[in-house]
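Notes to accompany the following structure.
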Number of protein chains: 2
Amino acid sequence: MSFEISTVNVNGLRAAARKGFVEWLGSTGADAVCLQEVRAEPGQLPAEAGAPAGWHVVLVPSAAKGRSGVAVYSRAEPDAVRTGFGVEEFAGSGRYVEVDLGAVSVGSLYLPSGEVGTERQEEKERFMAAFLPYLVRRRAEVEAAGRELVVCGDWNIAHREADLKNWRANRRSSGFLPEERAWLSRVFEEVGLVDVVRDLHPGVEGPYSWWSYRGRAFDNDAGWRIDYQVATPGLAARAVKARVERAASHDLRWSDHAPVSVVYGAS
Amino acid sequence: MSFEISTVNVNGLRAAARKGFVEWLGSTGADAVCLQEVRAEPGQLPAEAGAPAGWHVVLVPSAAKGRSGVAVYSRAEPDAVRTGFGVEEFAGSGRYVEVDLGAVSVGSLYLPSGEVGTERQEEKERFMAAFLPYLVRRRAEVEAAGRELVVCGDWNIAHREADLKNWRANRRSSGFLPEERAWLSRVFEEVGLVDVVRDLHPGVEGPYSWWSYRGRAFDNDAGWRIDYQVATPGLAARAVKARVERAASHDLRWSDHAPVSVVYGAS
DNA sequence: CTTATAAGG
DNA sequence: CCTTTTAAG
């Protein structure tokens, strides 16, 4: 049986729920949906967003109110849930959760956004340094058990020039720094995980998954591809279809990111 | 010649301007309009609200950004402008301004709102204690010069039971405390200024000028009369008509207060 | 419930 | 530009 996974940074689930997330969730064919930047605790959400009928919800908020927060919504009940990735500094940061759904472990990642020359960029780099060994370990564990892993989410890094519209102007911008791009290359080349959407669509621009709310970024399609599904090779080989659900108009947007969805065929 | 004065707490002029204040200002027949809670500096306002054609604007913001702020809009250019009332603690608080328009001085007052048991209630009481002597002095000065005075604004006190819908439930609420009501009585009885709207309409409930945004206060007309025109007896005797411009529907509200307007006949 | 603010993105 | 928080009302 095939299954579909979607991932989207909702930029505040309370606001997204008012603007169209609930309708999107009702119409998606996905079996699992990974969310980032929920920016709310379960009790702050309306039931149709926080406990929708037909879905199991695992929500890991940040200890800091109104910040970060990741979730996995799944039609099947998860067999297991793991919160965080075992690094003290990022415990309680609401940036990673992983659920087991049959033979696949599905992670929802919200990698910190940075700003060059600030402490937030240093935090982003510490996160990257801490998360890479976790990926190495998880790949080994998962494959030793005959299972697969996909880490979905907002990785806050565009990998190559084809992954953002204005790459020349952004060579010194956080999210496209050489050291960030090199780190992502290590995830793909050293750890051996696969950028599923790029694997299915080599040699195309984008598809972008984030457009700033500032200026005319959305109208000009001045986007970035920073939301990924990063999978073990065995699972990546089963990916048959990928799409980014870019809103048809500004009025239909309910986040500054768009859902990135992948259909995986039967094993 | 008769003239009309309106007073209204706009609860943030930027928000009010988006919701209907500009249209109201364009349709009013008033010669002078006193505003309270402007909550903006002139440069933060769109021209149609901050510098409308046909009006002279005197705006006194608070030193604290986004707080308080009073203004007088007048069709004639003021002959003089006085800011504050000469008490150090409330200098820069954006709570009082007075302009001279011919033989009448028009003040715009935003008396602090309080909350029982808090420092804000103590500040309200210090303001009251400091403002009363100012009124005494100004009445004497104005009348000695053969002029009149009207202090318009949000006094944040309902005087009598007829001045709020739920007076029993609010006997211990800031805005209807015995000491606040007694202070207003002193303004009327000792200082000898006149509550113009009540003088024209004795023995009626209200008319209320403020309805909380919380709950169903507006729909239930659970209002308070806390916005006043308080005038020297000579001017009060010339008042011929008063009204509160309560919005016809929730959708037409552009503030939690409504304009209180008085027509004064020729002297 | 609504207006501001500030920080975050 | 947008969503949060916090303070104020």
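Each chain gets a letter, A, B and so on, in the order the sequences are listed, and its residues count up from 1.
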Is there side-chain contact between [X] and [Y], with heavy atoms separated by less than 4.5 Å?
X        : Y        : answer
B/Arg246 : B/Asp221 : yes
A/Ser68  : A/Glu37  : no
B/Asn170 : B/Trp224 : yes
B/Glu89  : B/Glu123 : yes

Report yes or no: do B/Glu245 and B/Ser261 form a side-chain donor-acceptor pair below 3.5 Å? yes
Just to be sure I understand the rule, does A/Phe218 reach a base, reach only the sugar-phosphate, or reach nothing, if contact means heavy atoms closer than 4.0 Å? nothing
Categorize A/His250 for me: base, sugar-phosphate, or nothing, with a 4.0 angstrom heavy-atom threshold over every strand shown. sugar-phosphate
Parsed dot-bracket for DNA chain C after applying the Watson-Crick and G-U rules with both distances under 3.5 Å and | for other-strand partners is ||||.||||
Do A/Arg214 and A/Asp256 sit within salt-bridge range, that is, some charged N less than 4.0 Å from a carboxylate O? no
Contacts of B/Asp256 and A/Arg18 projected onto DNA chain D by closest heavy atom; the upstream (5') one is A/Arg18
Taking the nucleotide of DNA chain D with the closest heavy atom to each, which residue, A/Ala15 or A/Arg216, is nearer the 5' end? A/Arg216
Which residues share a ring pair (Phe, Tyr, Trp, His ring centres under 6.0 Å) with A/Phe218, sequence neighbours left out: A/Trp211
Residues forming a ring pair (Phe, Tyr, Trp, His ring centres under 6.0 Å) with A/Tyr213, sequence neighbours excluded: none
Please state whether the rings of B/Trp24 and B/Trp254 are parallel, tilted or perpendicular, taking 30° and 60° as the class boundaries. tilted
Aromatic ring pairing A/Phe131/A/Trp155, orientation class (parallel under 30°, perpendicular over 60°, tilted between): perpendicular
Please test A/Phe127 against A/Tyr110 for ring pair (Phe, Tyr, Trp, His ring centres under 6.0 Å), starting from the C-alpha separation and ending with a verdict. CA-CA 10 Å; A/Phe127 189 103; A/Tyr110 177 46; 8.9 Å; no
Nucleotide range of DNA chain D lying under 4.0 Å from chain B heavy atoms: D/dA8 to D/dG9
Span of DNA chain C, from the first to the last nucleotide whose atoms fall under 4.0 Å of chain B heavy atoms: C/dC1 to C/dA6
Please give me the minimum heavy-atom distance between A/Pro178 and A/Arg171, naming the atom from each residue. CD-O, 4.0 Å
Give a yes or no on whether the backbone of B/Arg160 and the side-chain of B/Asp163 come within a donor-acceptor separation of less than 3.5 Å. yes
Contact list please: residues 113-129 of chain A against DNA chain D, heavy atoms, distance less than 4.0 Å, in numerical order. none
